[in-house]
Asks: 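What follows is a structure written as structure tokens; I'll ask about it next.
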Amino acid sequence: MAPKGQPVNMQKEQMFGLAEKEMEYRVDLFNRLTQTCFSKCIEKRHKEAELNMGENSCIDRCVSKYWQVTNLVGQMLGNQPQA
């Protein structure tokens, strides 16, 4: 239900705008994660077409830590009182 005094179309536009912002945030997060872990784990001169075992485990650890930190920061920001 729409709040009193607010047309249904306006509420749908707001929901669409929020969904769009969420998608932009997720794409940006993925791009930053990819760039950070690639820079950290992959050698500058590619020797092989496939990742070696060291690169593969580095990528796994990097992605895992990146998500943990992202979730932790999100929780901390969510717990802050609104100013």
Asks: Any side-chain hydrogen bond (donor to acceptor under 3.5 Å, both in side chains) involving residues 66-75? Give me the pairs, sequence neighbours left out, ordered by first then second residue.
Replies: none
Asks: With sequence neighbours left out, what residues match E50 under side chain to side chain contact (heavy atoms under 4.5 Å, CB included)?
Replies: none
Asks: Which pairs pass side-chain hydrogen bond (donor to acceptor under 3.5 Å, both in side chains) with one or both residues in residues 30-41, sequence neighbours excluded?
Replies: D28-R32, Q35-S39
Asks: Between CD1 of I59 and OG of S64, what distance do you get to the nearest 0.5 Å?
Replies: 12.5 Å
Asks: Quick one: side chain to side chain contact (heavy atoms under 4.5 Å, CB included) partners of V69, sequence neighbours excluded?
Replies: V73
Asks: Please round to the nearest 0.5 Å and tell me the distance separating atom CE of M53 and atom CG of L51.
Replies: 12.0 Å
Asks: Take C62 and C37 through the disulfide (SG to SG under 2.5 Å) test and state the conclusion after the steps.
Replies: CA-CA 6 Å; C62 181; C37 293; 2.0 Å; yes
Asks: Please list, chain by chain and in numerical order, all residues satisfying salt bridge (charged side-chain N to carboxylate O under 4.0 Å, His left out) with E22, sequence neighbours excluded.
Replies: R26
Asks: Identify, with sequence neighbours excluded, every residue that meets side chain to side chain contact (heavy atoms under 4.5 Å, CB included) alongside E13.
Replies: none
Asks: Looking only at heavy atoms, what is the nearest atom pair of E55 and E43, with distance?
Replies: OE2-N, 3.5 Å
